[in-house]
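Since the structure comes first, as structure tokens, the remarks are kept for the end.
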Amino acid sequence: MASSDTGGGMPGAPSTPCSPPYKVLASAAAVTGKVTAVHTVHSTRWLAFRHAKYTDATGKERSWDYVSRPSTGPPPAPGTPTINAVVVFARLFSSGGALPRTPPSAGDTLLVRQFRPSVDRDSLEFPAGLVDEGETPADAAIRELREETGYTATAVVSVSPVTYTSTGLSDEGVVLVTVDVDEADERNGSGAGVMQQPDDGELIQVLRVPLADGGLLRAVDHLGGEGVAIFHGLYSVALGLSLTQQMGEAR
């Protein structure tokens, strides 16, 4: 398995601690508070409802309710966030063989559609899942991609820093792992097709979607228009790719 980059930085002009790549437009004198106590109100195997007490930047005591994801992955180093789950951005390509040679930048990606009881409808998402004990985020991404889509990643391109899906609601830490998938690889059927390996209860439809010419955003908009719930991270990536492609064409 090749790995070309495990950094989480975004491309752009270099920056130093004295020169951040942004400008603060408006701000309170201070914004950072401190959690002073956390009480678990109720918990299940998968989730815990917690009540936190904290002191805001002005010194005022406040409270906050949120949902927590019990950690199944390796314990984080002191002072670092917990990684609970991974989201997988797969770039399909072919190195040749029985298939035409195509680079990852001109390939397709994989999405999954499955029913989500929380919204009582189908949801369109990237392949994703929880990090198991003893796994790295890259390990979890490779496993989840294989289970949910049947495809095997042939290279890990990048592993993002820990991100959060909704900090007002949950403390779930999520890492985005970008992988390349060579369809000419025998583990991917050498073009003959693959077979999913879903967990019990997972009924997943796999969609192959083009990345070029705004194809990902068009697919997301089409399915969203049909009433399918769209994972916000997927929409953000689709919109970002589309805008980048449009700006490239305008140059």
Side-chain angles (χ1 to χ4, degrees), residues 3-13 15 17 20-22 24 31-35 38 46-50 52 54 64-91 109-112 114 116 118-119 123-133 135-145 147-149 153 155-180 209 211 216-217 220 224 229-244:
S3 178
S4 58
D5 177 22
T6 57
M10 297 296 292
S15 61
Y22 59 84
V24 176
V31 295
T32 302
K34 182 176 179 60
V35 173
V38 177
W46 303 111
L47 296 171
F49 181 69
R50 306 195 196 280
Y54 72 99
W64 195 273
D65 295 328
Y66 66 96
V67 177
S68 184
R69 175 78 76 179
S71 177
T72 55
T80 60
T82 298
I83 300 173
N84 302 107
V86 293
V87 173
V88 189
F89 179 55
R91 306 188 306 180
T109 193
L110 297 168
L111 304 180
V112 294
Q114 58 187 315
R116 293 296 193 184
S118 56
V119 292
S123 175
L124 185 67
E125 310 160 6
F126 286 120
L130 298 179
V131 178
D132 287 344
E133 185 175 356
E135 284 186 320
T136 65
D139 291 337
I142 294 166
R143 174 182 54 78
E144 288 291 347
L145 182 71
E147 290 177 355
E148 294 191 356
T149 72
V156 175
V157 179
S158 65
V159 178
S160 80
V162 181
T163 64
Y164 299 89
T165 54
S166 177
T167 53
L169 175 67
S170 173
D171 65 354
E172 182 179 46
V174 180
V175 165
L176 174 65
V177 181
T178 301
V179 300
D180 282 347
V209 181
L211 292 173
L216 184 57
L217 183 60
V220 169
I230 306 299
F231 169 53
H232 80 96
L234 167 58
Y235 195 89
S236 296
V237 169
L239 179 60
L241 283 174
S242 180
L243 291 174
T244 299

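Please read all numbers here as calculations on a predicted model, not as lab measurements.
- Across all their heavy atoms, L145 and T149 have their closest contact at O-OG1, 2.6 Å.
- Across all non-hydrogen atoms, the minimal contact from E148 to A128 is OE2-O, 2.8 Å.
- Taking OG from S68 and CH2 from W46, the interatomic distance works out to 14.5 Å, rounded to the nearest 0.5 Å.
- Considering only heavy atoms from C-beta on, F49 comes within 4.5 Å of D65 through its side chain.
- Scanning for side chain to side chain contact (heavy atoms under 4.5 Å, CB included) contacts around E147 gives R143, E144, D199, with sequence neighbours left out.
- Nearest heavy atom pair, residue L111 against residue P127, reads CA-CD, 4.5 Å.
- Put simply, the side chain of T109 gets close to the backbone of A90: a donor and an acceptor are under 3.5 Å apart.
- Separation of atoms CZ (F231) and CG (L124) is listed at 10.5 Å; rounding is to 0.5 Å.
- At distances below 3.5 Å, not a single donor-acceptor pair connects side-chain atoms of W64 with backbone N or O atoms of L169.
- Looking at V157 and R91, their side chains come closer than 4.5 Å, going by heavy atoms from C-beta outward.
- V86 and P137 make their closest contact through CG1-O, 3.5 Å (heavy atoms, listed as atom of the first residue, atom of the second, distance).
- Once rounded to the nearest 0.5 Å, the distance linking OG1 of T244 with CG of L239 reads 9.0 Å.
- With a 4.5 Å cut-off on side-chain heavy atoms, V175 and T163 do not count as touching.
- Contact annotation: the side chain of T165 never approaches that of R69 to less than 4.5 Å [non-hydrogen atoms, C-beta and beyond].
- Residues passing the side chain to side chain contact (heavy atoms under 4.5 Å, CB included) test with Y164, sequence neighbours excluded: P81, V162, T167.
- Residues passing the side chain to side chain donor-acceptor pair (under 3.5 Å) test with E125 are Q114, R116, S123, sequence neighbours excluded.
- With sequence neighbours excluded, the residues that form a side chain to side chain contact (heavy atoms under 4.5 Å, CB included) with L176 are V87, F89, S160.
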Discussion item. Let's go through V88 and F126 carefully: what are the C-alpha distance in whole Å and the side-chain angles of both, what is the deciding distance for side-chain contact (heavy atoms from CB on, under 4.5 Å) to 0.1 Å, and is it a yes or a no?
Written reply: CA-CA 6 Å; V88 189; F126 286 120; 5.7 Å; no

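- Counting only distance, with no hydrogens or angles, the side chain of S170 and the backbone of E172 share a donor-acceptor pair below 3.5 Å.
- Counting only residues at least two apart or in different chains, salt bridge (Lys or Arg N to Asp or Glu O under 4.0 Å) contacts with residues 160-171 are absent.
- When side chains are defined from C-beta on, N84 does not count as touching V174, because their heavy atoms never get closer than 4.5 Å.
- With hydrogens and angles disregarded, no donor-acceptor distance shorter than 3.5 Å links the side chain of T178 to the backbone of S158.
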Practice prompt. Could you walk me through whether L211 and L241 pass side-chain contact (heavy atoms from CB on, under 4.5 Å), step by step?
Written response: CA-CA 8 Å; L211 292 173; L241 283 174; 4.0 Å; yes

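- The line from OH of Y66 to OG of S166 is 13.5 Å long, rounded to the nearest 0.5 Å.
- Judged as a side chain to side chain contact (heavy atoms under 4.5 Å, CB included), and not counting sequence neighbours, the contacts of A238 are L216, L217, V220.
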